[in-house]
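Have a look at the structure below before the remarks.
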2 protein chains.
Amino acid sequence: MHQNNHNLDEAAVHSLFCAHSLRFTRQRFAVYTALASEKVHPTADQLFQKLSRSESGISLATVYNTLEALVKSGLAQKLADGGTSARYDAAVDDHLHIRDCATGSLSDVPEALGQKLLDNLPQDVLKEIEDTLGFRISRMQIELIGEYTREAVEVN
Amino acid sequence: MHQNNHNLDEAAVHSLFCAHSLRFTRQRFAVYTALASEKVHPTADQLFQKLSRSESGISLATVYNTLEALVKSGLAQKLADGGTSARYDAAVDDHLHIRDCATGSLSDVPEALGQKLLDNLPQDVLKEIEDTLGFRISRMQIELIGEYTREAVEVN
DNA sequence: TGGTGTTTTAGAACTATTATAATTATAGAC
DNA sequence: GTCTATAATTATAATAGTTCTAAAACACCA
Ligand SMILES: [Mn+2]
Ligand SMILES: [Mn+2]
Ligand SMILES: [Zn+2]
Ligand SMILES: [Zn+2]
């Protein structure tokens, strides 16, 4: 489940961190809520910029440290940007990504649509690939690359 | 079509470069053939190391310059590594990748198998995504992430 | 073969990320 | 609530991948 836009109060995040054996700190709370509220998947520096404006102060090193801690504990995933820097995603379930060639941004395909595609993948072919290659597929990453032709229709 | 293992003599590469408006140089020939002969998709530095051993000398800057030229002219593609550096691929058609979690290596799903999966994607769902988001999908990148459980069966 | 624009190159510069080590804060015991 | 042990934060330095610079070498065509 995507946690974006679900209001994340301090208590909720505290128990979420607790459940993942992560200490709760003001900085981690700030990074996690900033990450989870983003529609596109930000770089470490973009998060740092955003937090520098609002927060009383957080260091770039802490942004990196926190992101690494979140990834390690399964509360976020690290995505490879096509370019130089990494992008982070508070959604850790299997979901599709859209890369907008025009802007370079990376965002999510809405849950319902993405799930429909994942549910309709040819499982027999995936099984055949696993059997033939002797490879156990633990997850897939699918990226749709292209350009927007207009604004997206609102999906509920 | 993957060009791996098709013997690439100087004349063939010369006309290939010519067709793509790329000047033929000793260094570009070396980089391109090294790239096209790799089963896994190497980093710039891996290519440089490999060429340093065999060639009479090529600079790292030239490896980067050449890879950029190959990508720009459509003779290679740049792939995002999960980690720090970029990987390059002499196959420019749509094909699936395998990421081996154990080693971090990135390699191809054999053409026939990969094509079978691509041919069996639910086109109607893809169309629905395009229509709903107002997004024109120009290509997809699919990565199967997991671990090998044994050696692959030989595929012909 | 000569002239001209292109490529190569060593090295410097740049940028994203990670390491260091001193300071500060958290969580749990009392 | 206070104390303590352990973990997180921070400024800063170090590292690593990549790009830039400008001078020398080369490819291509007339
Ligand atoms: Mn780096
Ligand atoms: Mn870099
Ligand atoms: Zn996502
Ligand atoms: Zn490939």
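Each chain gets a letter, A, B and so on, in the order its sequence line appears, and its residues count up from 1.
- A salt bridge is defined here as a Lys NZ or Arg NE, NH1 or NH2 lying under 4.0 Å from an Asp or Glu carboxylate O, and Arg99(A) with Glu143(A) meets this definition.
- Here dT17(C) is the nucleotide among dT10(D), dT19(D), dT17(C) with the atom lying nearest to any side-chain atom of Ser85(A).
- Between Ser59(B) and dT9(C) there is a side-chain polar atom (N or O) within less than 4.0 angstrom of OP1 or OP2.
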Could you pull out the protein-nucleic contacts involving nucleotides 27-30 of chain C (nitrogen or oxygen on both sides, under 3.5 Å)?
| unit_1 | atom_1 | unit_2 | atom_2 | d |
| --- | --- | --- | --- | --- |
| dA27(C) | OP1 | Phe24(A) | N | 3.1 |

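- Nucleotide dA16(C) holds its C1' atom 14 Å from the CG atom of Asp81(B), rounded to whole Å.
- Taking the charged nitrogens against the carboxylate oxygens, Lys78(A) and Glu68(A) have no contact shorter than 4.0 Å, which rules out a salt bridge.
- Considering only side-chain atoms of Ala61(B), the nucleotide from dC20(D), dA19(C), dA16(C) that sits closest is dC20(D).
- If you check dT18(D), dT9(C), dT18(C) against the side chain of Ala44(B), the one that comes closest is dT18(D).
- Note on Arg26(B): every side-chain N or O is 4.0 Å or more away from OP1 and OP2 of dA25(D).
- Under the rule for a salt bridge (charged side-chain N to carboxylate O under 4.0 Å, His left out), the partners of Lys116(B) that lie at least two apart in sequence or sit in another chain are Glu128(A).
- An OP1 or OP2 oxygen of dT18(C) is reached within less than 4.0 angstrom by no side-chain nitrogen or oxygen of Tyr64(A).
- Checked for salt-bridge contact, Arg87(B) and Asp81(B) meet the test: a charged N lies under 4.0 Å from a carboxylate O.
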